Number of protein chains: 2
Amino acid sequence: MSTTSSTPPTPSKSVTARALSVLGAFSALTPRLTLSQISRATGLPVATVFRLAGELEEGGFLQRDSSNYYSLGIKLWEMGLLTPVHGRLREIAMPFLLNLQYVTHETVQLAVIDGLDAVYVEKLTNVVDVPVQSRIGSRIPLHATAVGQVLLAYSDAALIDEVVELPLAEYTPDTITGKRALLRELSNVRDRGYAYSASEYLPGAVAIAAPVFVDGAIEAACGVVNYDNRADIEQCYAALQEACRGFSARLNELKAAGQSF
Amino acid sequence: MSTTSSTPPTPSKSVTARALSVLGAFSALTPRLTLSQISRATGLPVATVFRLAGELEEGGFLQRDSSNYYSLGIKLWEMGLLTPVHGRLREIAMPFLLNLQYVTHETVQLAVIDGLDAVYVEKLTNVVDVPVQSRIGSRIPLHATAVGQVLLAYSDAALIDEVVELPLAEYTPDTITGKRALLRELSNVRDRGYAYSASEYLPGAVAIAAPVFVDGAIEAACGVVNYDNRADIEQCYAALQEACRGFSARLNELKAAGQSF
DNA sequence: AGAAAGTTTTTCACTCAATGAAAAAGAAAC
DNA sequence: GTTTCTTTTTCATTGAGTGAAAAACTTTCT
């Protein structure tokens with residue numbers, strides 16, 4: 001019964017929040033930072049960063065190289081591997097993805113939904129010199145990619161409504177940017193059971209994606225991308241379907257057998 | 001007289017150290033924990049853990065499911081991907097590993113040295129139902145595995161001396177446990193340019209491994225394992241050599257071109 | 001069903017650990 | 001050489017973190 005305005009009573013930053021913001025200063029574009037760079041990036045006084053960074057290094061969350069640059073520590077990587085998205089998804093998916101890659105010879109991807117984005121959990125390419133567009137961990141739009149559309153199509157109506165109302169960025173001339181058009185496409189995806197996207201995000205990239213269900217709810221999406229229409233889509237689709245079926249079955253099997261999540 | 005206490009590793013510490021120890025309570029064996037479990041594992045009072053866990057959740061480092069279980073958050077996974085071991089090694093290695101896996105059909109692995117252990121950075125198997133012995137992130141002994149022996153063989157003399165003096169655990173009857181025998185084997189590895197290990201760690205597992213150099217110093221080791229001697233070792237070896245050469249070349253190329261680390 | 005045991009959340013007075021300005025010590029740039 | 005920038009140390013101040021205890025919930029047992 002609080003009639004008080006929802007003013008967040010959090011003007012100050014706790015020590016923990018500060019420590020996390022030190023870690024947050026690192027990004028794909030800035031994977032290496034000096035003390036003073038961290039200080040500037042976070043707005044925290046150098047002396048404070050000095051102490052916090054020291055403690056984080058102590059714990060293995062940061063590491064410091066010979067030229068006084070910090071980067072994120074190996075402990076952080078190890079902990080990331082304990083995350084459900086890795087241990088309960090990518091690890092189980094891997095054999096299926098490998099086989100799918102083996103059969104199709106194309107780029108294969110696994111994505112989940114997080115918030116209002118799709119996130120690549122795994123991505124396999126055997127082309128060495130490919131200009132990497134998006135890496136594992138990248139966030140990509142739900143409306144403009146095959147995996148995104150699949151993830152969205154089978155999500156709760158509430159989420160669909162929310163995304164549909166968002167301003168839909170136009171990445172290429174083929175990107176779906178209209179609310180009605182997107183809703184129609186999502187409906188198509190559900191009818192077909194898979195998504196097909198040609199040049200909606202990256203020109204020249206043709207992708208198909210299919211859903212992975214656990215207990216009837218969508219858990220992830222698998223996709224196959226090929227550039228410049230090299231591959232036989234029919235064949236890719238068959239392989240994709242098989243991979244998704246196998247993966248779904250495995251997840252459900254583990255869920256039934258395993259005690260938790 | 002052992003001071004047996006189930007909470008030894010938590011003398012009074014800084015806030016940051018406490019927060020990190022909350023994260024540290026999670027492991028491969030206990031990827032999900034309740035508040036009170038964390039409290040017991042860390043030796044911190046529940047009220048303290050309550051606050052810290054709340055802040056870590058706020059920052060995306062922990063997540064809480066419907067049944068009040070905490071697990072490590074997606075943010076942690078994302079940050080792990082920014083770590084050099086991932087972005088500067090596994091990501092670049094991946095196409096070569098995939099191709100190696102494709103050619104040999106066997107389990108393929110990439111490992112680095114960290115402290116006195118080898119750590120698996122990547123491991124590819126396309127067999128679905130394999131009883132997973134060691135996963136990505138696992139630490140494995142330097143003296144008893146092919147990748148470990150390669151990593152050690154090309155390390156600094158100081159490190160070799162240190163490892164050689166350690167008590168060398170005997171995993172199978174074929175494990176090298178003697179100091180002199182290990183030194184001799186390392187010498188063999190250097191002479192041959194690769195390591196060959198049969199049932200030294202896991203009975204029935206035959207592995208070969210080769211080094212990956214950057215600027216003349218060893219950076220990682222690639223290996224191929226096959227169980228029950230199914231594969232043609234000669235063929236595997238050729239493929240392995242090619243993968244390592246390609247990968248080394250790519251790393252050196254990037255190092256020369258790229259600005260840093 | 002109710003009681004008992006366990007877990008999560010809130011409260012609050014105390015106090016100790018975190019703070020950051022400033023100065024010292026090092027590096028690098030000019 | 002001087003200047004400019006960065007890292008590290010010091011230290012008086014204080015407010016953020018603390019944890020015992022009680023309240024609020026949940027689960028388990030009889």
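None of these values were measured; they are calculated from a predicted model.
A side-chain donor from one of B:S27 and B:T30 sits under 3.5 Å from a side-chain acceptor of the other.
In this model, the phosphate group of C:dA17 is not approached by any side-chain N or O of B:S14 to a distance below 4.0 Å at OP1 or OP2. A sub-4.0 Å separation between OP1 or OP2 of D:dT6 and a side-chain N or O of A:T34 is absent.
Distance CG (A:L20) to P (C:dA18): 15 Å, rounded to an integer number of Å. Protein atom CG of B:N68 is 13 Å distant from nucleotide atom C1' of C:dG6, rounded to whole Å. Atom CG in B:L44 sits roughly 12 Å away from atom P in D:dA20 (whole-Å rounding). Rounding to whole angstrom units, CG of residue A:L56 and C1' of C:dA18 are separated by 14 Å. Protein atom CD1 of B:I38 is 16 Å distant from nucleotide atom P of D:dG19, rounded to whole Å. What separates CZ of B:F50 from C1' of D:dC25 is a distance of 13 Å, to the nearest Å. Atom OH of B:Y70 is separated from atom C1' of C:dT7 by 12 Å (rounded to the nearest Å). Atom C1' of nucleotide C:dA25 and atom CG of A:L35 are separated by 15 Å, given to the nearest angstrom.
Relative to the side chain of A:V15, the nucleotides D:dT7, C:dT9, C:dA18 differ in distance, and C:dA18 lies closest. Out of C:dT19, C:dG20, C:dT8, the shortest distance to the side chain of A:P45 is found at C:dG20.
Two residues, A:R18 and A:Q37, neighbour DNA chain D, and the one matched to the more 5' nucleotide by heavy-atom proximity is A:Q37. Along DNA chain D, the nucleotide closest to A:S36 and the one closest to B:R51 are compared, and the more 5′ of them pairs with A:S36.
Using a 4.0 Å cut-off between a side-chain N of Lys or Arg and a carboxylate O of Asp or Glu, B:K13 and A:E58 do not qualify as a salt bridge. By the 4.0 Å N-to-carboxylate-O rule, B:R90 lies close enough to A:E122 to be salt-bridged with it.
Of the possible polar contacts, one joining the B:R190 side chain to the B:A153 backbone as a donor-acceptor pair under 3.5 Å is found.
With A:V49 as reference, A:I38 is the one residue of A:L33, A:I38, A:L56 to meet the side chain to side chain contact (heavy atoms under 4.5 Å, CB included) rule.
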